[in-house]
Colleague: 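Please find one structure pasted underneath; my questions will follow.
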Amino acid sequence: MNILVDINHPAHVHLLRNAYRILVDHGHEVVVAVKEIPSAMKLLDLYGIPYVNIGKKNDALGKKGMDQLVYDRRLLKLVRQHHIDLGIGSSINLPHVSKLSRMKSIVMDDDDDAAEPLFVKFGHPFADAILTPSAIRRKSKKAVYVDSYHELAYLHPNRFTPDPSVLREAGLKEGETFFILRFNAFKAHHDVGAEGLSIENKRHLLELLKTHGKVLITTERNIDDEFKPYQLTVSPEKAHSLMVYATMFVGDSQTMTSEAAVLGTPAVKCNSFAGRLSVPNELEQKYGLCYSFLPEQQEAFFDKINELLALPDLKGEWQQRRQRMLAEKIDYTRFLVWFVENYPESRKTLMTQPGLQLDFR
């Protein structure tokens, strides 16, 4: 089978890299397309995955619409050139191109409909299947519900073993208390009007955590000069290993909050999406692995951090919560490879045998 993997965000490299390797090993021709996102391309290079650059992303909302037409055209050219049978990914371009070619599209979407109205309106109707975490409920009849999270495609114990050497690279000792902070840029189309931590709260957070341990800061774009002494310099592919050993993750990033949660590292998030998204809500309300607060809830945000810092066996407690979560979720990569290789029969099978997913733990 000829397969297209479409990368639209650095997190999608992690989401699809394991499936890419397995599909290639199984003899499929797999073509990877990526928008010109330096961090995403760097990850692909680090993992030795060849790719085709289909164009630069713009932050300006007014230019995004025109960009999509350019991406559609370049992606369509790839599909025809490589005689692609099936495309997988999380971009709006994938379903567009599937309607202009023989390719079928499997869209992987872990955001709620209400959080991404443009994608729902202009992307979902053209997809052949929409793989959706079971925590979410969609209006589309094309939704295929998966008992997992995107983060478990690369952080499930079957796929990931932390590398303790990352501690030395970060200048840390084994067992040392340290915190990872993440400050987001909020530049995606669905981020319009979104807010995260204010500069004042970032400063307060830094001063608070410095009294308990070492602080490492990662940011999506350029970091403020005052925070540069704390900037994380670990290689991108080792960031998840470092997260395992962190005492706590705090920030305004959606993805990294969920990553910390599924790894069993306590995570506290502050942004405008708090309480609005089903996946982090499930991680918080059902499994107690993370907490989320709106920007105006800064007092409660800092109270929760202090509460967690006071717990005598914080990491031990979170590992128990993580095991409960893992017992109820499946290995997303293993499921995805099966779904892709057997599509469209796989979709029909799941409709009549939903319990089949339990085989992918």
Side-chain angles (χ1 to χ4, degrees), residues 10-15 17-18 39 43 46-47 148-184 205 209 212-220 230-269 279-280 282-284 287-292 304-305 308-309 311-334 361:
H12 300 162
V13 178
H14 295 300
L15 172 63
R17 61 183 168 85
N18 290 315
S39 53
L43 281 171
L46 285 168
Y47 289 119
S148 194
Y149 306 122
H150 278 193
E151 291 76 17
L152 289 178
Y154 52 99
L155 297 178
H156 190 282
N158 294 345
R159 305 292 156 194
F160 174 73
T161 301
D163 178 4
S165 70
V166 72
L167 293 171
R168 183 173 61 254
E169 184 176 334
L172 296 161
K173 299 176 182 177
E174 188 174 348
E176 184 175 356
T177 298
F178 71 96
F179 307 92
I180 296 178
L181 309 187
R182 169 72 167 187
F183 303 144
N184 245 13
L205 181 61
L209 296 178
H212 293 273
K214 191 169 184 178
V215 175
L216 302 173
I217 300 176
T218 175
T219 184
E220 194 170 22
Y230 305 94
Q231 188 169 13
L232 181 62
T233 57
V234 167
S235 302
E237 79 279 14
K238 296 182 180 180
H240 296 125
S241 287
L242 192 64
M243 185 83 79
V244 170
Y245 300 106
T247 304
M248 190 187 304
F249 167 83
V250 187
D252 48 25
S253 166
Q254 300 291 116
T255 299
M256 288 192 73
T257 299
S258 295
E259 288 175 337
V262 302
L263 286 171
T265 294
V268 186
K269 176 185 70 181
V279 168
E282 183 175 88
L283 285 167
E284 177 175 355
Y287 299 112
L289 287 164
C290 60
Y291 300 95
S292 59
K304 178 56 68 174
I305 293 171
L308 295 177
L309 289 171
L311 292 177
D313 186 20
L314 181 61
K315 292 286 284 188
E317 170 63 27
W318 252 249
Q319 284 302 316
Q320 290 182 27
R321 298 182 186 191
R322 175 181 184 247
Q323 290 306 316
R324 178 177 166 239
M325 178 272 296
L326 289 173
E328 298 178 0
K329 298 299 177 182
I330 65 172
D331 177 344
Y332 201 124
T333 290
R334 188 178 170 205
R361 287 181 176 173

Colleague: Of the non-hydrogen atoms in R361 and A327, which two are nearest, and what is the gap between them?
Modeller: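 Reported closest heavy-atom pair: CZ-O, 3.4 Å.
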Colleague: For E176 and K214: C-alpha separation, side-chain torsions, deciding distance, then whether salt bridge (Lys or Arg N to Asp or Glu O under 4.0 Å) applies.
Modeller: CA-CA 8 Å; E176 184 175 356; K214 191 169 184 178; 5.6 Å; no
Colleague: Taking V262's backbone N and O only, do any of them form a donor-acceptor pair with E151's side chain (distance below 3.5 Å, no angle check)?
Modeller: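 No.
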Colleague: Evaluate T333 against H156 for side chain to side chain contact (heavy atoms under 4.5 Å, CB included), listing each step before the verdict.
Modeller: CA-CA 9 Å; T333 290; H156 190 282; over 6 Å; no
Colleague: Less than 4.5 Å apart, side chain to side chain, heavy atoms only: is that true for E259 and L155?
Modeller: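 When only atoms from C-beta onward are counted, L155 and E259 do touch, with a gap below 4.5 Å.
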Colleague: Where do R322 and P157 come nearest, in terms of heavy atoms and distance?
Modeller: NH2-CG, 3.8 Å
Colleague: Among L205, T218, D252, L216, find the residue that satisfies the side chain to side chain contact (heavy atoms under 4.5 Å, CB included) test when tested with L181.
Modeller: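 Option passing the side chain to side chain contact (heavy atoms under 4.5 Å, CB included) with L181: L205.
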Colleague: Indicate the atoms forming the closest heavy-atom contact of A239 with V234, along with that distance.
Modeller: N-CG1, 4.4 Å
Colleague: Does the side chain of F160 reach to within under 4.5 Å of the side chain of N18, using non-hydrogen atoms?
Modeller: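 F160 does not reach N18 side chain to side chain.
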Colleague: Which residues pass the ring-ring contact (aromatic ring centres under 6.0 Å, His included) test with H240, sequence neighbours left out?
Modeller: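 Per chain and number, H240 pairs via ring-ring contact (aromatic ring centres under 6.0 Å, His included) with H14, Y154.
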Colleague: For S165, check side-chain contact (heavy atoms from CB on, under 4.5 Å) against everything at least two apart and list the hits.
Modeller: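 With neighbours one apart ignored, the set is D163, R168.
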Colleague: Can you name the closest pair of heavy atoms from L43 and P10 and give their distance?
Modeller: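 That closest heavy-atom pairing would be CD1-O, 3.7 Å.
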Colleague: If every non-hydrogen atom of Q254 is compared with every non-hydrogen atom of P280, which pair is closest and at what distance?
Modeller: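 Heavy atoms only, the tightest pair is NE2-CG, 4.4 Å.
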Colleague: From C290 SG over to M248 CE, what is the distance, rounded to the nearest 0.5 angstrom?
Modeller: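 C290 SG to M248 CE: 13.0 Å, rounded to 0.5 Å.
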Colleague: Report yes if the side chains of N158 and R334 come closer than 4.5 Å at any heavy-atom pair, otherwise no.
Modeller: no
Colleague: With sequence neighbours excluded, what pairs up with Y332 under the ring-ring contact (aromatic ring centres under 6.0 Å, His included) test?
Modeller: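 Expected list: H150.
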Colleague: Using only atom types and a distance under 3.5 Å, with no angle test, would you say the side chain of R321 pairs donor to acceptor with the backbone of G288?
Modeller: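 Yes.
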Colleague: Sequence neighbours excluded, which residues qualify as side chain to side chain donor-acceptor pair (under 3.5 Å) partners of E284?
Modeller: S292
Colleague: For the atom pair OH (Y230) and CG (L209), what is the distance rounded to the nearest 0.5 Å?
Modeller: 11.0 Å
Colleague: Are Y245 and L172 close enough that some pair of their side-chain heavy atoms sits under 4.5 Å apart?
Modeller: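 No. Closest side-chain heavy atoms not under 4.5 Å.
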Colleague: With distance as the sole test, does T265 use its side chain to make a donor-acceptor pair with the main-chain N or O of M243 at under 3.5 Å?
Modeller: yes
Colleague: Rounded to the nearest 0.5 Å, what separation is found between the CG atom of L309 and the NE2 atom of H212?
Modeller: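 Reported value, rounded in 0.5 Å steps: 4.5 Å.
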Colleague: Would you name the heavy atoms of W318 and L311 that are closest together and state the gap between them?
Modeller: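 For W318 versus L311, the nearest heavy atoms are CZ3-CD1, 4.2 Å.
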Colleague: Taking the side chain as C-beta and beyond, is there a heavy-atom pair between F183 and I217 under 4.5 Å?
Modeller: yes
Colleague: Show, in sequence, the C-alpha distance, side-chain angles and deciding distance for L152 and M325, and conclude whether the side chain to side chain contact (heavy atoms under 4.5 Å, CB included) test is met.
Modeller: CA-CA 11 Å; L152 289 178; M325 178 272 296; 4.1 Å; yes
Colleague: Ignoring hydrogens and angles, tell me if any N or O in the side chain of S241 forms a donor-acceptor pair with the backbone of P162 under 3.5 Å.
Modeller: no
Colleague: Considering residues at least two apart in sequence or located in another chain, which fulfil the salt bridge (charged side-chain N to carboxylate O under 4.0 Å, His left out) criterion with E237?
Modeller: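 E237: no salt bridge (charged side-chain N to carboxylate O under 4.0 Å, His left out) contacts found.
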Colleague: Can you tell if the side chain of L167 reaches within under 4.5 Å of the side chain of L242, non-hydrogen atoms only?
Modeller: yes
Colleague: Just so I know, are the side chains of F249 and L263 near enough to count as touching, which here means a heavy-atom distance under 4.5 Å?
Modeller: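 Heavy-atom side-chain distance check fails, nothing below 4.5 Å.
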Colleague: Excluding sequence neighbours, so at least two apart, what forms side chain to side chain donor-acceptor pair (under 3.5 Å) with S148?
Modeller: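 Residues passing side chain to side chain donor-acceptor pair (under 3.5 Å) with S148: none at all.
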Colleague: Whether the side chain of K269 engages the backbone of S258 through a donor-acceptor N/O pair (distance < 3.5 Å, no angle test) should be reported.
Modeller: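 Judged by distance alone, no pair lies under 3.5 Å.
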